[in-house]
There are 2 protein chains.
Amino acid sequence: MDEWIDGRMELMLGAKDIDSCPVRDVLSRVSGKWSTLLLIALSNGPRRFSELKRFAPDISQRMLTKSLTELRRDGYISRKVYPTQPPQVEYALTDEGSSFLEAWQGVVVWAKENRERVHAARRRFDAETGDL
Amino acid sequence: MDEWIDGRMELMLGAKDIDSCPVRDVLSRVSGKWSTLLLIALSNGPRRFSELKRFAPDISQRMLTKSLTELRRDGYISRKVYPTQPPQVEYALTDEGSSFLEAWQGVVVWAKENRERVHAARRRFDAETGDL
DNA sequence: CTGCATCCGGCGCGATACTG
DNA sequence: CAGTATCGCGCCGGATGCAG
């Protein structure tokens, strides 16, 4: 492998082999369809299960539970059960979760600012390749 | 929907409904298994198809072509064909591509710094839930 | 060398029904 | 209200073979 790769990989990924790449390792868990959305939903304070469900009306109960469990497993959110009747469960962002959300902001901002450019590129590409 | 949602969603996503969410819209294209890795590979200058193949030995030709095409469609990279025999194709990062990589850096850095914390959280979670 | 077509397994995700 | 279990679909991604 060339030298430029080592330097760049070390800088960007921290490892050359993809299996031990911390980026993929960590980010694979928050790349789900709902994960980051739920983190955002919790960014203004703790929310209950049903509140989160209402927040994302098009999420299935299955995926809500699943996503919350994964996020909890990786330490992004906490879960507190109140032994009431009916039961009540409150989810909250951990420090780790807020920290991640902060880092994520840069990408979010970029995506918002460059959305139209990306769309334009897509249209251009499709037009060029469509009629050849 | 409560008010906190509107404010936060507007801040983070730019849209309440998930289908018109610019973040998902833009990032779904770079969330592939190889996309960001290829962008990083190109961050030090243009590379040929075979160079990229050597860069990520475990990528299949199919996925290399596919990923490159998608990245090109969204305007992150450019493609230049040299009419030699055998043919030679050179891929390069566009301004849009470099711009994205810059924004992406924050997340990469975070992932590297917090990898161990995430792993620890996972171990803890598995231990707690495994023997109950 | 570069790229496309085909087949195929895994899994992310949704729909639905059921439990404490 | 919060969560689990089952089923099924679609898509990502790997393996292989063919073509310019």
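Chain identifiers are assigned alphabetically (A, B, ...) following the order of the sequence lines, protein sequences preceding nucleic acid strands; residue numbering begins at 1 within each chain.
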For this session: Remember a base hit wins even if backbone is also touched, and classify B:Y91 as base, sugar-phosphate or nothing at under 4.0 Å, heavy atoms.
Result: sugar-phosphate

Problem set entry | Residue mapping more 5' on DNA chain C - nearest nucleotide basis, A:S31 or A:P87 | A:S31

Exercise. If only atom types and distance count, is the side chain of A:S67 paired as donor or acceptor with the main-chain N or O of A:M63 below 3.5 Å?
Worked result: yes

For this session: Figure out the CG/C1' separation between B:D58 and D:dA15, and round it to whole Å.
Result: 14 Å

Exercise. Rounded to whole angstrom units, what separation is found between the CG atom of B:L68 and the P atom of C:dC1?
Worked result: 16 Å

Problem set entry | Check: B:T36/B:W104 side-chain N/O donor and acceptor closer than 3.5 Å | no

Exercise. Taking NZ, NE, NH1 and NH2 as the nitrogens, is one of them in A:R124 or A:E128 under 4.0 Å from a carboxylate oxygen of the other?
Worked result: no

Exercise. Taking atom C1' of C:dT2 as reference, at what distance in whole Å does atom CZ of B:F49 sit?
Worked result: 6 Å

Problem set entry | Salt-bridge present (A:R122, B:D25; N to O < 4.0 Å) | yes

Exercise. Does OP1 or OP2 of C:dC1 have a side-chain N or O of B:R48 closer than 4.0 Å?
Worked result: no

Seminar exercise, completed: Between CD of B:E70 and C1' of D:dC11 the distance, given in whole Å, is 11 Å

Exercise. Hey, does the side chain of A:S50 come within less than 4.0 Å of D:dA2's phosphate (OP1/OP2), counting only N and O?
Worked result: yes

Exercise. Does any residue of residues 59-66 of chain A have a heavy atom under 4.0 Å from DNA chain D, and if so, which ones, in number order?
Worked result: A:Q61, A:R62, A:T65

Problem set entry | Aromatic ring pairing A:W110/B:F100, orientation class (parallel under 30°, perpendicular over 60°, tilted between) | perpendicular

For this session: Report the distance from atom CG of B:L38 to atom P of C:dT2, rounded to the nearest whole Å.
Result: 14 Å

Exercise. Do NZ/NE/NH1/NH2 and the carboxylate oxygens of B:R47 and B:E90 come within less than 4.0 Å?
Worked result: no

